[in-house]
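Letters A, B, ... are given to chains in the order of the sequence lines, protein chains preceding strands, and every chain is numbered from 1.
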Number of protein chains: 2
Amino acid sequence: MQKRSQETRSNILQAALALFANTGYDAASVAEICQAAGVSKGAFYHHFPSKHAVFMEILQNWLALLEQQMVATLQEAQDVPHALLHMADLMQHIFEQASGKMPMFLEFWAQASRDPEVWQVVIAPYQHYQQFFEALVQRGMAEGTLEAHNSQVAAQSVTALALGLLLQGILAPTQADWSTLPKQSIQILLQGLAKK
Amino acid sequence: MQKRSQETRSNILQAALALFANTGYDAASVAEICQAAGVSKGAFYHHFPSKHAVFMEILQNWLALLEQQMVATLQEAQDVPHALLHMADLMQHIFEQASGKMPMFLEFWAQASRDPEVWQVVIAPYQHYQQFFEALVQRGMAEGTLEAHNSQVAAQSVTALALGLLLQGILAPTQADWSTLPKQSIQILLQGLAKK
DNA sequence: AGAATCATACCGACCGGTCGGTATTTTAGG
DNA sequence: CCTAAAATACCGACCGGTCGGTATGATTCT
């Protein structure tokens, strides 16, 4: 039966995710992860070559999930302004499901800014999303729903707004209604982009 | 003469800042900091009670500088839209002067999200700025330059945009013109807030 | 049996912090 | 103004402890 093996693997990943988010990558020791996962160190190093490898797998799972949700959200959008609002919905959804694990995002970002290996894994999807938003804005301008703008600037502004809200949500999770704020923010930005 | 002492202190702070930004707080060892500062470990612990204390002092210096620049920027603004654009200018200025040390911001944020002591130091100015932006938006609505909006949402959007641009600047410093992008982004958001 | 999976004991490197002692600067008495 | 004592600034070897990772033996499945 390889079921147990899979469960062990999954337990390790889950425990590592929680600890990385709560205490940070460095502070979370392998021993702690093993204890939280109910697994021995031997099992840990049987399934993963290093602590860093666990981090990378969590990162890639996260990116894959993001990609998947993004594509899904996309497919139910005709109008460009509505597509952006759908994105805001997606964001709210991410906020809700990532309870307590959002600081992990900071960990990803910090490591990406230092470790070239992590950077390469992160930068590709980042550019991908960026280009996607750019195309979206261009489509909006073509279909006449958006005012003429530098589409790159517009795309970066959208991304920045999303990232900034995420950051604020990490630091001050009780200071705003994070279930409605993303949508309202995007709406303001949209009014700046939209044709009147 | 206490000049030597002050220089040692300053060297330690400078070296610590660079190393924290480049490799992160945990990865930067006290020994490394001392070597980079050209100072012995004894000197380090003569001037600071702990590594953490050095971090806190850097953080507070940073917050003080931010506050000071913000107040200065403020005083030369009459119109609310212009005040926001001045803020964008300030941001560009911060980007330029913080060459290479911007990842330190991530370090601040990450630690604040975990260590209650750091959090308390960070959250006060954060709320302060937030309230300031809120007041600014309300003033704009009163003076008739801004459309009616939930001022809290508007303030959080402005902050989010700034934070998000900062994050992007850290990860992809070569992918955009960071000397003009803040202003352009704020302008778009402003169009969403402004009265037509 | 034998391969995959897991447990335990252990290793060497490194880290933050301490400490006894030394150099340098400031202070005070003559 | 000179000097000796007191205070401050600095040095670097060292310590207890933790960490990521390994080696090796026990278990469990096929």
Side-chain angles (χ1 to χ4, degrees), chain A residues 1-60 104 107-108 110-111 114-118, chain B residues 1-60 104 107-108 110-111 114-118:
Chain A
M1 202 195 290
Q2 74 240 45
K3 198 171 180 183
R4 191 155 92 107
S5 174
Q6 282 179 0
E7 263 180 19
T8 299
R9 232 188 116 85
S10 161
N11 284 342
I12 292 172
L13 286 171
Q14 221 171 311
L17 171 56
L19 277 169
F20 286 165
N22 286 337
T23 67
Y25 176 82
D26 288 302
S29 73
V30 174
E32 275 174 333
I33 295 171
C34 290
Q35 194 179 358
V39 151
S40 74
K41 227 174 180 184
F44 182 100
Y45 280 100
H46 174 74
H47 287 281
F48 300 96
S50 68
K51 182 184 172 185
H52 185 246
V54 174
F55 177 83
M56 290 301 282
E57 184 149 333
I58 292 174
L59 170 58
Q60 289 180 350
M104 189 67 195
E107 215 58 46
F108 288 148
Q111 300 247 359
R114 288 194 275 268
D115 183 342
E117 181 196 345
V118 178
Chain B
M1 202 197 291
Q2 74 247 41
K3 198 168 182 182
R4 174 142 167 260
S5 174
Q6 282 179 1
E7 261 179 20
T8 299
R9 235 189 111 86
S10 160
N11 284 343
I12 292 172
L13 286 170
Q14 222 171 312
L17 171 57
L19 277 169
F20 287 164
N22 286 337
T23 67
Y25 176 82
D26 288 303
S29 73
V30 173
E32 276 175 331
I33 295 170
C34 290
Q35 194 179 359
V39 152
S40 75
K41 225 173 183 184
F44 182 99
Y45 281 100
H46 174 75
H47 286 281
F48 301 95
S50 67
K51 181 183 172 185
H52 184 245
V54 174
F55 177 83
M56 289 302 280
E57 184 149 334
I58 292 175
L59 170 58
Q60 289 181 355
M104 189 66 195
E107 216 57 45
F108 288 148
Q111 300 247 358
R114 287 193 275 271
D115 183 341
E117 182 197 345
V118 178

What are the residues of residues 10-38 of chain A, sorted by number, that bring a heavy atom to within less than 4.0 Å of DNA chain C?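 None, since no heavy atom is under 4.0 Å.
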B:Lys51 to B:Tyr25, cation-pi by 6.0 Å centre distance and 45° axis angle: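 Checked: cation-pi criterion met.
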Please report the distance, rounded to the nearest Å, between CD in B:Gln6 and C1' in D:dA9. 13 Å
What is the distance from NZ of A:Lys41 to C1' of D:dC19, rounded to the nearest Å? 7 Å
Taking every heavy atom of A:Cys34 against every heavy atom of A:Lys41, the minimum-distance pair comes out as SG-CA, 3.7 Å
Taking all non-hydrogen atoms of both residues, which atom of A:Ile33 and which atom of A:Ile12 are closest, and how far apart?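 Result for this residue pair: CG2-O, 4.0 Å.
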Any B:Thr8 side-chain nitrogen or oxygen under 4.0 Å from OP1 or OP2 of D:dA9: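 For D:dA9, OP1/OP2 do not have a side-chain N/O of B:Thr8 under 4.0 Å.
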May I have the step-by-step check of side chain to side chain contact (heavy atoms under 4.5 Å, CB included) for B:Val118 and B:Phe108, ending in yes or no? CA-CA 8 Å; B:Val118 178; B:Phe108 288 148; over 6 Å; no
Working to the nearest 0.5 Å, report the span between CG of A:Leu17 and CG of A:Asn22.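 Output value for this atom pair is 9.0 Å.
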Please list, by residue number, the residues of residues 43-60 of chain B whose heavy atoms come closer than 4.0 Å to an atom of DNA chain D; answer none if no residue qualifies.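 Contacting residues: B:Ala43, B:His46, B:His47.
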Dump the intermediate steps for side chain to side chain contact (heavy atoms under 4.5 Å, CB included) on B:His52 and B:Asp115, then the final yes or no. CA-CA 11 Å; B:His52 184 245; B:Asp115 183 341; 3.4 Å; yes
Among D:dC11, C:dT18, C:dT8, which nucleotide has an atom closest to any side-chain atom of A:Ser40? C:dT8
Check against side chain to side chain contact (heavy atoms under 4.5 Å, CB included), A:Gln111 and A:Leu59: CA-CA 11 Å; A:Gln111 300 247 359; A:Leu59 170 58; over 6 Å; no
Any residue meeting side chain to side chain contact (heavy atoms under 4.5 Å, CB included) with A:Leu13, in chain and number order, not counting sequence neighbours: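 With neighbours one apart ignored, the set is A:Phe48, A:Val54, A:Glu57, A:Ile58, A:Asn61.
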